[in-house]
Amino acid sequence: MNYQESREYIDKITREIPSVLGLEHMRELMKRLGNPQDDLKYVHIAGTNGKGSVIAFLYSVLSGAGYRIGRYVSPTLYSYRGRMEVSGSRISREDFAAYITQVSDVIAAMTKDGYPHPTAFEIETAVAFLFFKKENCDLVLLEVGMGGNLDATNIIKNTLLAVLVSISMDHIGVLGNTLEEIARDKAGIIKSGSEVVTGRQQPCVSEVLEETARAKGCRITIAEPEKIRVLKQSLEVQKFSYGEFETMEIHLAGQHQIENAVTVLEAVRALRRQGVRIEKEAVRKGLERTKWPGRLMVLRRHPLVIADGAHNEDAVKRLVENLDIYLKGKKVTAVLGVFKDKEYEKMIQLIAPYLDYVYTIDLPNKERTLEKERLCEILGKYEIEAETA
């Protein structure tokens, strides 16, 4: 296959093969590919909100410390191939096509032997493992697709560090029906012998994570946002101190990004305990260099236009917290689209007091989008003037 054919192949699988949670098929696929994932070491990241930002910070810090770092994230904003990167270079079109061809040949043999067809995410994850092994990565930053315990990424064995970012109600009915059940699923990435770092969590979530870490004999560190000293906050730059990390600077906006950065600082401490050498200057420069688009991202200054990807209740809570910081007392004209499988009524209720006028849109995923006309109706309940666009 060439690159276009390989993308069409993935798109076809996405349409035809439903997503499933479970490792049986992934184990068989990777065994037939020679288990390349077993030759790599990992930082495994799970949670509801903040995974991408934490990975972006860590990627910048560890690359700056001189390591060859692989990064696997999804989805991506600008480039599909950006899901798989090594030291700042995403997988090439030629390599992606070659790996897809290799994986599809193995899948043909699997299905002939009576195994179910792997999902698109399983295929992409297999490609990532092949790519990272070929690139001789020192460490791979691996983001789960959904949940943790039965996610395709959880086939790995050599986890140096498991990072659990903010966990809230999401994928209800799939991962669980309570916050504790969802937390237990996400805690499935914790492996015996690894370090565990978690950001600020609700008490019931912390209890689950600490219990799981104890059962696996893992040291767990909980970031302490109450110990942050904020020195400067603006949409362009934020400065803060945390313990021995004095006057750190980041260029991602929002109080939650300072908290994400502090989770990364605890991750740095944990990796040092695992023998990974990371100088303080690499940490400082790494945080400062980090870019992660689509999060309180200023598109234009005059007039001020901000893009943000808040797509569940917890993320909208963080968004309105930051509207209070950066746009206090001001009303917002919004362009808004939501998925119908999210708790959109709760999301709208949270952001409604900040809205002046809204243009509602359908999202590109036609199967999941809440129709823009219905979104207008819901906004009307809160006496917000809106029109479809």
Side-chain angles (χ1 to χ4, degrees), residues 19-23 26 37 40-59 70-76 83 119 121-122 124-125 128-129 139-176 178-202 204-216 218-223 256 259-260 262-264 266-267 270-271 292 311-312 314-315 318:
S19 293
V20 292
L21 290 173
L23 295 177
M26 189 66 182
Q37 76 282 356
L40 298 160
K41 295 178 181 178
Y42 301 91
V43 176
H44 206 178
I45 299 98
T48 307
N49 294 311
K51 296 187 295 294
S53 298
V54 165
I55 289 174
F57 282 129
L58 267 177
Y59 188 51
R71 181 178 75 179
Y72 182 50
V73 296
S74 64
T76 45
R83 295 173 185 221
T119 66
F121 184 71
E122 288 170 332
E124 289 165 340
T125 303
F129 288 139
L139 195 59
V140 172
L141 306 178
L142 191 67
E143 179 186 355
V144 302
M146 183 189 296
N149 188 42
L150 297 177
D151 185 76
T153 63
N154 208 29
I155 194 172
I156 62 172
K157 297 176 181 177
N158 307 318
T159 304
L160 292 186
L161 171 64
V163 180
L164 286 302
V165 297
S166 173
I167 295 173
S168 58
M169 295 297 286
D170 204 14
H171 302 296
I172 299 163
V174 179
L175 302 180
T178 67
L179 194 51
E180 290 89 342
E181 288 175 354
I182 291 169
R184 202 165 297 282
D185 187 280
K186 293 178 187 288
I189 69 166
I190 297 173
K191 303 283 194 302
S192 297
S194 67
E195 289 257 356
V196 181
V197 166
T198 170
R200 179 170 60 175
Q201 307 285 1
Q202 295 188 45
C204 63
V205 172
S206 292
E207 191 175 316
V208 168
L209 299 183
E210 290 178 49
E211 175 193 315
T212 306
R214 279 196 305 271
K216 297 287 179 71
C218 300
R219 174 173 176 166
I220 183 168
T221 303
I222 301 171
H256 62 294
E259 293 186 21
N260 286 334
V262 161
T263 300
V264 168
E266 292 292 1
L271 286 170
W292 196 234
H311 64 287
N312 54 42
D314 191 55
R318 292 306 184 98

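Below, all heavy atoms of this structure are taken into account, side chains as well, without hydrogens, waters or symmetry copies. The first residue of the sequence shown is numbered 1, and numbering continues consecutively from there.
The two atoms that bring Ile189 and Gly148 nearest to each other are CG2-CA, 3.8 Å, heavy atoms only. The shortest heavy-atom contact between Gly188 and Asn154 is O-ND2, 3.1 Å. The shortest non-hydrogen separation linking Ser168 to Ile182 is O-CG2, 4.0 Å. The shortest non-hydrogen separation linking Asn49 to His311 is OD1-CE1, 4.2 Å. Across all non-hydrogen atoms, the minimal contact from Asp185 to Gly147 is OD1-CA, 3.2 Å. Nearest heavy-atom pair across Ala183 and Ile167 is CA-CG2, 4.2 Å.
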Exercise for review: For Ile156 and Leu142, run side-chain contact (heavy atoms from CB on, under 4.5 Å): C-alpha distance rounded to whole Å, both residues' side-chain angles, the deciding distance at 0.1 Å, then the answer.
Suggested key: CA-CA 10 Å; Ile156 62 172; Leu142 191 67; 3.8 Å; yes
Check your understanding: Are Leu160 and Glu195 close enough, and set up right, to give a side-chain contact (heavy atoms from CB on, under 4.5 Å), and what steps lead you there?
Key -> CA-CA 6 Å; Leu160 292 186; Glu195 289 257 356; over 6 Å; no
Exercise for review: Test Asp314 against Thr48 for side chain to side chain donor-acceptor pair (under 3.5 Å), laying out the working first.
Suggested key: CA-CA 9 Å; Asp314 191 55; Thr48 307; over 6 Å; no
Practice item. Could you walk me through whether Lys191 and Lys157 pass the side-chain contact (heavy atoms from CB on, under 4.5 Å) test, one step at a time? Key: CA-CA 8 Å; Lys191 303 283 194 302; Lys157 297 176 181 177; over 6 Å; no
Exercise for review: Walk me through it: do Val140 and Phe129 pass the test side-chain contact (heavy atoms from CB on, under 4.5 Å)?
Suggested key: CA-CA 9 Å; Val140 172; Phe129 288 139; 5.9 Å; no
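Not a single side chain to side chain donor-acceptor pair (under 3.5 Å) links Lys51 to another residue, sequence neighbours left out. Taking Glu124 as the reference, Arg83 meet the salt bridge (charged side-chain N to carboxylate O under 4.0 Å, His left out) condition, with sequence neighbours excluded. In this structure Glu211 satisfies the side chain to side chain donor-acceptor pair (under 3.5 Å) test together with Arg184, sequence neighbours excluded. Scored by the side chain to side chain donor-acceptor pair (under 3.5 Å) test, Glu266 finds Tyr242, Arg269 as partners (sequence neighbours excluded). The side chain to side chain donor-acceptor pair (under 3.5 Å) test applied to Thr212 returns no partner, not counting sequence neighbours.
Within the 4.5 Å cutoff, side-chain heavy atoms of Trp292 are placed close to those of Val73. Between Gln201 and Ile222 the shortest side-chain heavy-atom distance does not fall below 4.5 Å. Counting only heavy atoms from C-beta outward, the side chains of Val163 and His44 never approach each other to under 4.5 Å. Looking only at side-chain heavy atoms (C-beta outward), Val196 and Leu209 stay at 4.5 Å or farther from each other. Side-chain contact between Leu40 and Asn158 is absent, with no heavy-atom pair separated by less than 4.5 Å.
The structure places CG of Leu161 at 13.5 Å from NZ of Lys41, a figure rounded to the nearest 0.5 Å. Once rounded to the nearest 0.5 Å, the distance linking CD1 of Ile190 with OG1 of Thr159 reads 10.0 Å. Atom CE in Met26 sits 8.0 Å away from atom OG1 in Thr119 (nearest 0.5 Å). Taken to the nearest 0.5 Å, the CG atom of Leu179 stands 5.0 Å off from the CD atom of Gln202. The distance from atom CZ of Arg214 to atom CZ of Arg219, rounded to the nearest 0.5 Å, is 15.5 Å. Atom-to-atom distance recorded for Ser194:OG and Ile220:CD1 is 10.0 Å, nearest 0.5 angstrom.
A donor-acceptor pair under 3.5 Å links the side-chain atoms of Thr178 to the main chain of Glu181, judged by distance alone. Under a 3.5 Å cut-off, the side chain of Thr221 and the backbone N or O of Val197 do not form any donor-acceptor pair. Panel note: side chain Glu122, backbone Leu23; no donor-acceptor pair is recorded below 3.5 Å.
Ring-plane geometry between Phe121 and Tyr72 is classed as parallel, the angle between the planes falling under 30 degrees on a 0 to 90 degree scale with a further cut at 60.
Among residue pairs with one or both ends in residues 140-151, those qualifying as side-chain hydrogen bond (donor to acceptor under 3.5 Å, both in side chains) are Asp151-Thr153; sequence neighbours excluded.
For NZ of Lys216, the number of neighbouring non-hydrogen atoms (other residues, nucleotides, ligands) closer than 6.0 Å is greater than 12.
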